[in-house]
Amino acid sequence: MAHPHVFIDTGLEFIVDDAGNLTHVRVTWAYDELYSLFELEDRKLDQDGDGILSESEQAFLAGFDAQWIEGYNGDLVVRADGQIIPLSGPMEPTATTDNGRIVSTHLRAVEGEPVAAAALSAKAFDETYYTAYEVTRPVTVSSKLTCQIERTDPDIDGQLAQMRAFLLTLDANYDLEENDIPLVGESFATEIRVSCPST
């Protein structure tokens with residue numbers, strides 16, 4: 001019930017080649033003010049407190065959130081025809097600040113066979129809901145093709161009501177840590193759908 005702890009405004013850029021295949025996804029994360037403050041203080045950045053990082057500070061901060069453990073999916077699931085698309089780890093990381101918030105970006109490449117961008121689905125979420133991702137920043141497609149973007153926002157109130165109802169069924173001595181906290185993150189995720197014509 002104490003989750004989430006970190007709040008991230010998310011943006012996505014889908015990069016599609018001339019043949020209509022998805023090649024990369026660029027992800028933008030804008031961290032909440034409190035988390036940003038802790039990170040900047042821990043790294044002794046923005047010592048003058050003006051909320052603006054120098055170029056050297058930006059270079060130092062870049063990639064602070066791109067040191068992923070093996071198997072971590074980057075809290076992003078992209079599917080084509082229902083199948084998860086394998087993506088690389090983070091590349092070309094950047095970081096800056098905007099109104100006291102850390103804003104980072106990273107690029108991920110599609111791995112394996114080419115993937116047609118005719119019917120893509122993407123969700124940014126942490127399955128444990130420790131981090132809450134909200135798609136409030138731009139979602140774009142970079143392509144010479146004319147692509148369509150649709151979004152379906154989750155029923156947050158409905159999902160919370162279901163979670164509360166589930167928790168009320170548990171014994172007061174039930175240990176969520178030992179019995180695994182329900183993985184509810186995807187239920188709170190906005191779904192982005194992208195469709196580009198094939199050539």
Nearest atoms (heavy-atom pairs only) where [X] meets [Y]:
X	Y	result
P93	A66	CB-CB, 4.4 Å
S36	I102	OG-N, 2.9 Å
A124	A189	O-CB, 3.9 Å
A132	P4	CB-CG, 3.6 Å
E57	I52	OE1-O, 4.0 Å

Nearest 0.5 Å please: distance from the [atom1] atom of [X] over to the [atom2] atom of [Y].
X	Y	atom1	atom2	value
Q58	T97	CD	OG1	6.5 Å
E134	D153	CD	CG	8.0 Å
K123	L12	NZ	CG	13.5 Å
Y133	W29	OH	CH2	4.5 Å
F38	D32	CZ	CG	9.5 Å
D75	D126	CG	CG	4.5 Å

Applying a strict under-4.5 Å side-chain criterion to I, L, V, M, F, W and Y, I'd like to know whether [X] and [Y] cluster together.
X	Y	result
V141	V25	yes
I15	V139	no
F7	L76	no
L107	Y72	no
I69	F125	no

Can you confirm whether [X] sits close enough to [Y] that some side-chain heavy atom of one is under 4.5 Å from a side-chain heavy atom of the other?
X	Y	answer
I84	N73	no
V110	L87	yes
F14	I149	no

*After noting the C-alpha distance and the side-chain angles of T146 and K144, does the key distance pass the side-chain contact (heavy atoms from CB on, under 4.5 Å) rule?*
CA-CA 7 Å; T146 301; K144 293 181 180 178; over 6 Å; no

*Give a yes or no answer on whether the side chain of R43 reaches the backbone of F60 with a donor-acceptor pair at less than 3.5 Å.*
no

*Check whether any side-chain N or O of D46 sits under 3.5 Å from a backbone N or O of L53 as a donor-acceptor pair, and report yes or no.*
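Looks like no, no N/O pair under 3.5 Å.
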
*Distance-only side-chain donor-acceptor flag, T152 / R193, under 3.5 Å*: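 Present: a donor and an acceptor within the cut-off.
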
_Any residue meeting ring-ring contact (aromatic ring centres under 6.0 Å, His included) with F64, in chain and number order, not counting sequence neighbours_ =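 Result, ring-ring contact (aromatic ring centres under 6.0 Å, His included) vs F64: Y31.
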
*Mind checking side-chain contact (heavy atoms from CB on, under 4.5 Å) for S88 and listing every partner two or more places apart, or none if nothing turns up?*
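side-chain contact (heavy atoms from CB on, under 4.5 Å) check on S88 returns M91, R108, A109, E111.
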
*Please name all residues satisfying side-chain contact (heavy atoms from CB on, under 4.5 Å) with D17, sequence neighbours left out, ordered by chain then number.*
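In terms of side-chain contact (heavy atoms from CB on, under 4.5 Å), with neighbours along the sequence ignored, D17 is linked to A19, N21, T23.
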
*Name the one of H24, R26, R137 that satisfies side chain to side chain donor-acceptor pair (under 3.5 Å) with E13?*
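Exactly one option meets the side chain to side chain donor-acceptor pair (under 3.5 Å) with E13, and it is R26.
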
*asked:* Counting only heavy atoms not in D48 (residues, nucleotides, ligands), do more than 12 fall under 6.0 Å from its CG?
replied: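 Yes.
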
*Do other residues, nucleotides or ligands put more than 12 heavy atoms under 6.0 Å from the CD atom of Q83?*
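Not buried by this count: 12 neighbours or fewer within 6.0 Å.
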
*asked:* Using side-chain contact (heavy atoms from CB on, under 4.5 Å), reason through L22 and V194 one step at a time and then give a plain yes or no.
replied: CA-CA 10 Å; L22 178 70; V194 175; over 6 Å; no

_Using 30° and 60° as the class boundaries, would you call the ring planes of H106 and W68 parallel, tilted or perpendicular?_
perpendicular

*asked:* Quick one, R101 with D9, criterion side-chain contact (heavy atoms from CB on, under 4.5 Å). Give me CA distance, side-chain angles, the key distance, then yes/no.
replied: CA-CA 10 Å; R101 300 176 64 185; D9 289 337; 3.0 Å; yes

*For V115 and L120, run side-chain contact (heavy atoms from CB on, under 4.5 Å): C-alpha distance rounded to whole Å, both residues' side-chain angles, the deciding distance at 0.1 Å, then the answer.*
CA-CA 9 Å; V115 175; L120 301 176; 4.2 Å; yes

